[in-house]
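Just so it is clear, the structure is predicted and the values come from calculations on it, not from any experiment.
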Amino acid sequence: MIRKVLVTASIVALVSMPAFAATQYWVGKDATTKKCSVVNTKPDGKKVTDAGTKAYDSQGNAEKAMKLLKNCK
């Protein structure tokens with residue numbers, strides 16, 4: 001009985017992992033307006049360039065970094 005519960009719980013955990021995957025945020029700078037914003041897709045380098053040097057684990061952290069970046073002042 002316990003074995004069935006453990007196997008079932010393991011299967012559920014494996015199937016649901018992508019739903020809990022961490023979303024990443026970047027600080028992007030619009031190529032035409034030159035304004036920075038927090039984006040949830042990696043900047044492509046054409047329409048939006050990467051103003052920072054890394055991805056952030058939360059939108060709040062990306063917003064804090066945006067205020068500190070030289071490119072965004």
*Asks:* With a 4.5 Å limit on heavy-atom distance, are the side chains of Leu69 and Cys36 in contact?
*Replies:* no

*Asks:* Which side-chain hydrogen bond (donor to acceptor under 3.5 Å, both in side chains) pairs, counting each pair once, include a residue from residues 59-70, with sequence neighbours left out?
*Replies:* Asp57-Asn61, Ser58-Asn61, Gln59-Glu63

*Asks:* For the atom pair OH (Tyr25) and CE (Met66), what is the distance rounded to the nearest 0.5 Å?
*Replies:*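 Spacing of OH (Tyr25) from CE (Met66) equals 13.5 Å.
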
*Asks:* If every non-hydrogen atom of Pro43 is compared with every non-hydrogen atom of Gly28, which pair is closest and at what distance?
*Replies:* CG-CA, 4.3 Å

*Asks:* Is there a path of hydrophobic side-chain contacts, each under 4.5 Å between heavy atoms, that joins Trp26 and Tyr56?
*Replies:* no

*Asks:* First locate atom OG1 of Thr49, then atom NZ of Lys34, and finally report the distance between them rounded to the nearest 0.5 Å.
*Replies:*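 One finds 7.0 Å between OG1 of Thr49 and NZ of Lys34.
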
